Amino acid sequence: MFNFSKKLIDWYLQNKRELPWRKTQDPYRIWLSEIILQQTRVEQGMPYYFKFVEAYPDIKALANAPEDDVLKLWQGLGYYSRARNLHATAKKVAFDFNSEFPNTYAEIKKLKGIGDYTASAIASICFDEAEAVVDGNVYRVLSRVFGIDTPIDSTPGKKEFKALAQQLIDPKDPATFNQAVMEFGATQCKPKNPYCLHCPFQQDCAAYASGKINELPVKQGKTKVRDRYFNYLIVLGPSGETILSQRDKKGIWRGLFEFPLLETEKPLKESRFRESLKNLKLPGVSSAVLVDDLDVESLVALTPEAIIHKLSHQKLHVHFWLLKIKDVSGLQTSSFEVFETYAVPRVIDRFMEDFDYKRYL
DNA sequence: AACACGGGGTG
DNA sequence: CACCCAGTGTT
């Protein structure tokens, strides 16, 4: 058997990118970077890493921030439970552990938002613990080089790849080994058009030998996408007041803010919109208020064509409506200026970029 | 074991 | 359009 670890680390030392979190072993910064990079490309996550380090230089600063501020800084990055768990774990470490980040794989993995991958990354990079990381890159590299076609999203597959990585890891330098596999997968052994022609493993690679580079890794999962129809109602009072709500319970965008939402099973014809509003409840000061009870001045369709917003497993058809009313008494309103300081879904943020409520006053 | 959870890049 | 990205938590 060829020396996988040595070849890999040699390649890494020659080809690695300079990344901001590669200059430190500070657990706070490594942890922060790893959470940001979950299911997120380096280029997409980088600006957020800089924003967070600047706003919250240490874990105490993060722990003492209001959750809404953390969400606002996370806005646009997606998978918002990462931000909520990040904040919860910062409080845990700051207040329960006296700001001392746990220093073993087992203890790190107990923290919210940290699974096998992230615990391994932090333990190896910060504390030199020989725990192998297995992320999408590792699956791809190992499945190809060793010709493994066990589905990576199956339980046996996860066990098999973790065991193999654990067997391959260099116990003398686990941090470099782990980062090397991932870097190799990200920039050399890419999903499409990998650079096989000048690959250090060309002579060793099972998939290259059998012409199965494009068949590996094997994934069985099939994510089905469902259609949803969102109608956002921008209620506008005489002085520029509007109504907001914060998403809670389960589902997408938990914790983010939005306008009152009417969701329907099927696309809603514009001609039928007014009557379908009858049962929509708006947050009132004492109790909920029905749209039907308001003194409506006008109703404007702001988006004749639905805005299509795609998530990994949902396709949203989004319309925005403007409902001008003459009297906001009894309603819970806030200003658009305040709204700007809250975290909102990307689709709303994008809409607000070229929507000026003052035009409608 | 299967599914939910965002948003953006790539071919 | 399908697939993927320095995955985790819930059911």
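So that the names make sense, note that chain A is the first sequence line, chain B the second, and so on, each numbered from 1. Only a predicted model underlies this, so the values are computations on that prediction, with no experimental measurement involved.
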Phosphate-side-chain proximity, [X] and [N], N/O vs OP1/OP2 below 4.0 Å:
X	N	value
A:Gln220	B:dA2	yes
A:His309	B:dG7	yes
A:Arg22	C:dA6	no
A:Lys192	C:dA2	no
A:Trp21	C:dA6	no
A:Gln314	B:dC5	yes
A:Tyr139	C:dG7	no
A:His313	B:dC5	yes

Looking for any heavy atom pair under 4.0 Å, which part of the strands does [X] touch: base, sugar-phosphate only, or nothing?
X	result
A:Lys224	sugar-phosphate
A:Ser81	nothing
A:Ile114	sugar-phosphate
A:Arg226	nothing
A:Asp116	sugar-phosphate
A:Arg346	sugar-phosphate
A:Ile152	nothing
A:Gly251	sugar-phosphate

To the side chain of [X], which of [options] is closest?
X	options	result
A:Pro345	B:dG7, B:dG6, B:dG8	B:dG7
A:Ile252	C:dG7, C:dA6, B:dC5	B:dC5
A:Pro191	C:dC4, C:dA6, B:dG7	C:dC4
A:Glu183	C:dA6, C:dG7, B:dG7	C:dA6
A:Lys250	C:dT11, C:dC5, C:dA6	C:dT11

(request) For A:Asp153 and for A:Ser312, locate the closest nucleotide of DNA chain B by heavy-atom distance; then report the residue assigned to the nucleotide nearer the 5' terminus. (result)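 Counting from the 5' end, the first nearest nucleotide belongs to A:Asp153.
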(message) Go nucleotide by nucleotide along DNA chain B from the 5' end; which of A:Lys190 and A:Gly78 gets its closest nucleotide reached first?
(response)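 Its nearest nucleotide lies further toward 5', so the answer is A:Gly78.
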(message) Taking side-chain hydrogen bond (donor to acceptor under 3.5 Å, both in side chains) as the definition, give me every residue that meets it alongside A:His87, ordered by chain and number, with sequence neighbours left out.
(response)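 With sequence neighbours excluded, A:His87 shows a side-chain hydrogen bond (donor to acceptor under 3.5 Å, both in side chains) to no residue whatsoever.
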Hey, does the side-chain of [X] have a donor or acceptor N/O within less than 3.5 Å of a partner on the base of [N]?
X	N	result
A:Tyr79	B:dG6	yes
A:Arg254	B:dC5	no
A:Arg82	C:dA6	no
A:Thr118	C:dG7	no

(request) Identify the residue among A:Phe273, A:Phe230, A:Phe259, A:Phe355 that makes a ring pair (Phe, Tyr, Trp, His ring centres under 6.0 Å) with A:Trp321. (result)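 Filter result, single survivor: A:Phe273.
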(message) Tell me whether A:Ile307 shares a hydrophobic cluster with A:Ile234, the cluster being built from Ile, Leu, Val, Met, Phe, Trp, Tyr side chains joined at under 4.5 Å.
(response)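 Yes; tracing contacts between hydrophobic side chains, which count when under 4.5 Å, links both residues.
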(message) Between A:Ile325 and A:Asp295, is there a side-chain heavy-atom distance shorter than 4.5 Å?
(response)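 Heavy-atom side-chain distance check fails, nothing below 4.5 Å.
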(message) From NZ of A:Lys310 over to P of B:dC5, roughly how many Å is that when rounded to an integer?
(response)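 Checked: the NZ to P distance equals 18 Å.
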(message) Distance check needed: B:dG8 P versus A:Gln38 CD, whole Å only.
(response)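 Interatomic distance, CD of A:Gln38 to P of B:dG8: 18 Å.
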Distance between the [atom1] atoms of [N] and [M], in whole angstroms?
N	M	atom1	result
B:dG11	C:dA6	P	14 Å
C:dG9	B:dG8	C1'	23 Å
C:dT8	B:dG9	C1'	22 Å

(request) Using heavy atoms to find the nearest nucleotide of DNA chain C for A:Arg17 and A:Asn85 separately, return the residue whose nucleotide is more 5′. (result)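 The residue closer to the strand's 5' end, by nearest nucleotide, is A:Arg17.
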(message) Quick check with a 6.0 Å cut-off and a 45 degree axis cone: is A:Lys91 positioned over the face of A:Phe95's six-membered ring?
(response)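 The answer is no; the distance or angle limit is not met.
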(message) Is the ring pair A:Phe336/A:Tyr357 parallel, tilted or perpendicular, if the boundaries are 30 and 60 degrees?
(response)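 A:Phe336 and A:Tyr357: parallel rings.
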(message) Just verifying a value: how many Å separate A:Lys315 NZ and A:Arg226 CZ, rounded to the nearest 0.5 Å?
(response)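 A:Lys315 NZ to A:Arg226 CZ: 14.5 Å, rounded to 0.5 Å.
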